[in-house]
Participant: 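Please find one structure pasted underneath; my questions will follow.
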There are 2 protein chains.
Amino acid sequence: MARLAGVSPATVSFVLNRTPGQTISDETRQRVLRAVAELDYRPNRAAQGLRHGRSATIGFVSHDSDFGVFAAAAIKGAHEVSIRHGNLLLLVNTGGSTRQAAQLVGELLDRQADALIFAVAGTKSVVVPEEAARVPTVLLNCFVPDDAFPSILPDEVRGGREATQALLGLGHRDIAYLTGTTSAWATKARLRGFREALRGAGLDPRNHTVLSGNYHADSGHELTRKLLRHRGPLPTAIMCGNDRMAVGALLALLEAGVRVPEDVSVMGYDDQFELAGEVRPTLSTVRLPYDAMGRLAAEELDAGGPAVQTGRTLVHCPVVLRDSTAAPAPRAGA
Amino acid sequence: MARLAGVSPATVSFVLNRTPGQTISDETRQRVLRAVAELDYRPNRAAQGLRHGRSATIGFVSHDSDFGVFAAAAIKGAHEVSIRHGNLLLLVNTGGSTRQAAQLVGELLDRQADALIFAVAGTKSVVVPEEAARVPTVLLNCFVPDDAFPSILPDEVRGGREATQALLGLGHRDIAYLTGTTSAWATKARLRGFREALRGAGLDPRNHTVLSGNYHADSGHELTRKLLRHRGPLPTAIMCGNDRMAVGALLALLEAGVRVPEDVSVMGYDDQFELAGEVRPTLSTVRLPYDAMGRLAAEELDAGGPAVQTGRTLVHCPVVLRDSTAAPAPRAGA
DNA sequence: CTGAAAGCGCTAACAT
DNA sequence: ATGTTAGCGCTTTCAG
């Protein structure tokens, strides 16, 4: 014990914490510091936590069957700002089961987590274990029907709109949309943005092909083949539900000898790490700012307010233009 | 306090923990349990930890600039078995900096983490903060020069060898290898496995093209184009440093009108989540069992032995055959 | 069979 | 200006 080394029990605490309103003689301070250095003593934060009722720990609940790209990015963001505030992340994965979620939130609370981040990969409505309400909790990429917890969500409508506008800006007038899973919240929102943008440019969405897929690369491949088979003139641009579908589309187009972006532009969505920026041609896409969302969540929590600020915060998804999009080739009919 | 509800202070502890060698009358037990249920009381694990000197928490140090696919998989595995043993993961990311690593290991230790997992995405030698030695520590996908900590590593030589043997088994005799970053441990090991397999089949590795890339999709693309430009007869199979390079290769081949697997077989490495199984054709590859490695690490730690069992544990990387490989087409010269 | 008491490592209020 | 005391919530001898 540092106390043996010096000659004081709680004085150490005063010195180490610079307790305000406490004045310590320079001599003792030195003595303490020397002892601390010698034993390289570090306060036991579990004990501090017990005293303070605060563990300097934030529970991160990944409510998915797997940790994936989403969780990794969100965790990175949350970690980054938590660290800055002296907090660490206590991580659990529920496997997507509501029962497991309740169980694990219990474990987190037992360990006195000061706050909770509840995150899901595919934006959607979730059931949050009610015990979560005992501490400040933020929902990341998900929400509850009554908005009892504050949510942080990507602004998918705007993302879809701006992606479409980017294409329109390049001169495209015939844009096909290969959607992700139709039932998904994000799919609907992106599609809505797509239609808004078309209407905004004076075009009729009903003249534009929309095909339903499932967010997997092979569905992008398949739908693009359908596009190639069935239509007369190919659209000059293809928007895809996400980057993986875009990669599938790319493969199908190349197989058919269609050049990207000379003959057709392709737009993804997600800006998926190690994918969008690396395929050839590199993919124009919309950045899903999971890391920023994680940061935001942690900021709300670290700020620590009783934090039952409610409501939904939408985070902007910026368009990232790379090589898979270009102005359409002048058409014969033009 | 549950104690108020019943009429006992520490008896609660006996009941809840079924303390061996303690015998409790059925009546009191019921009383306690009823009170516990009513207040849905749960013991404070921070306090338990303080008492026991054990936090039921394992520190997971991701020593990379980012959380990525690797960390996500390894964490998933480690989480899975930790949970089963009643432990939770306390997660930190060092950004790859040794100084940050020391700092964060400090934070973990201050919070009384019972053990540490130190993980890196690209297999390599690392500098582990020396304080890590205060608790059982396992190195995941990395090692220290003197093997002072036990390491868990993928068996890359065998992976490379078996991937090559799979191709040889299909009848391929001319296999090109597009490597990842040459300086990487994994690259060398996989290449060694490649050569061992060739020699094992009575072939001379020097007759096989080996081109150096960097594990990114675009380098797979570029090297494949080089292959297409420079060589007379294309090899019948191309092994790639990883799946992303394989996707690059796929794109380049399709662009050139070369069919996969009819004209050329392509083999990846990693079995990357959401990639290898989804591109068209689906990628034959070697599974890098990061989740299993994570599980293994947690198992060694949860077993909790003083656990300074040292040495390196190699984990098998099984070949996964999908659609991008097939028997070579009969050649004119054959 | 159960309660009282001490103590894990720390800090906040209260004496000195 | 420093040291004492009590207590955070739990477990564990040790007496009853």
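Throughout, protein chains are lettered first and strands after them, A, B, ... in sequence-line order, and every chain is numbered starting at 1. Only a predicted model underlies this, so the values are computations on that prediction, with no experimental measurement involved.
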Participant: Rounded to whole Å, please give me the gap between CD in A:Gln112 and P in D:dG9.
Facilitator: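 Nearest whole value for this atom pair: 9 Å.
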Participant: At under 4.0 Å, does any side-chain N or O of B:Thr28 touch on OP1 or OP2 of C:dT2?
Facilitator: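 Checking B:Thr28 against C:dT2: at least one side-chain N or O falls below 4.0 Å of OP1 or OP2.
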Participant: Which nucleotide in the list C:dG9, C:dT2, C:dA6 gets nearest to the side chain of B:Arg51?
Facilitator: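 Taking heavy atoms from C-beta onward, the closest nucleotide is C:dA6.
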Participant: For B:Arg18 and D:dT12, what is the distance between atoms CZ and P respectively, to the nearest whole Å?
Facilitator: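 These atoms are roughly 15 Å apart.
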Participant: Taking the six-membered ring for Trp, are A:Tyr290 and A:Phe70 parallel (under 30°), tilted (30 to 60°) or perpendicular (over 60°)?
Facilitator: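 The rings of A:Tyr290 and A:Phe70 stand perpendicular, inter-plane angle above 60°.
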Participant: Classify A:Leu50 by what it touches in the nucleic acid, base, sugar-phosphate, or nothing, heavy-atom distance under 4.0 Å.
Facilitator: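 Base: the residue A:Leu50, judged by heavy atoms under 4.0 Å, touches a nucleobase.
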Participant: Return the value, rounded to whole Å, for the distance between atom CZ of B:Arg45 and atom C1' of D:dC8.
Facilitator: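 About 18 Å, once rounded to whole Å.
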Participant: Nearest to the side chain of B:His52 - D:dT11, C:dA12, C:dC1?
Facilitator: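 Nearest to the side-chain atoms of B:His52, counting from C-beta on, is D:dT11.
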Participant: Please figure out whether B:Ala47 or B:Gln22 has its closest DNA chain D nucleotide nearer the 5' end.
Facilitator: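 Checking each residue's closest nucleotide, the 5'-ward one belongs to B:Ala47.
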Participant: Determine whether B:Phe143 and B:Trp185 make a side-chain contact, defined as any pair of heavy atoms from C-beta on separated by less than 4.5 Å.
Facilitator: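 Touching, per the 4.5 Å side-chain cut-off.
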Participant: Regarding A:Glu299 and A:Arg295, does a basic nitrogen lie under 4.0 Å from an acidic carboxylate oxygen?
Facilitator: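 No, A:Glu299 and A:Arg295 are not salt-bridged.
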Participant: Given atom CG of A:Asn44 and atom P of C:dG9, what is their separation to the nearest angstrom?
Facilitator: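 These atoms are roughly 7 Å apart.
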Participant: According to a strict under-4.0 Å criterion, is B:Asn17 in side-chain N/O contact with OP1 or OP2 of D:dT11?
Facilitator: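 Answer yes for this pair, as a side-chain N or O of B:Asn17 is under 4.0 Å from OP1 or OP2.
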Participant: Can you tell me the distance, in whole Å, between the CZ atom of A:Phe14 and the C1' atom of D:dT5?
Facilitator: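 Taking atom C1' of D:dT5 as the reference, CZ of A:Phe14 is at 12 Å.
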Participant: Identify which nucleotide among C:dA5, C:dC1, D:dG3 has an atom closest to any side-chain atom of A:Thr11, counting heavy atoms from C-beta outward.
Facilitator: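 Comparing C:dA5, C:dC1, D:dG3 against the side chain of A:Thr11, the answer is D:dG3.
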Participant: Go through D:dT12, C:dA13, C:dC1 for me and flag the one nearest to the B:Thr23 side chain.
Facilitator: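 The answer is C:dC1.
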Participant: Nearest nucleotide by nearest heavy atom, which residue falls closer to the 5' end of DNA chain C, A:Arg42 or B:Arg29?
Facilitator: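 Between the two, 5'-proximity favours B:Arg29.
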Participant: Let me know the distance between CD of A:Gln30 and C1' of D:dA1, rounded to the nearest Å.
Facilitator: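 Distance, rounded to whole Å: 16 Å.
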Participant: Check ring pair (Phe, Tyr, Trp, His ring centres under 6.0 Å) between B:Phe67 and all other residues, then give those that pass, not counting sequence neighbours.
Facilitator: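 Not a single residue meets the ring pair (Phe, Tyr, Trp, His ring centres under 6.0 Å) criterion with B:Phe67.
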Participant: Over how many whole Å does the gap from A:Glu27 atom CD to D:dA1 atom P extend?
Facilitator: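 From A:Glu27 CD to D:dA1 P: 14 Å.
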Participant: Would you call B:Asp291 and B:Lys76 a salt bridge, taking side-chain N to carboxylate O under 4.0 Å as the test?
Facilitator: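 Salt bridge absent between B:Asp291 and B:Lys76.
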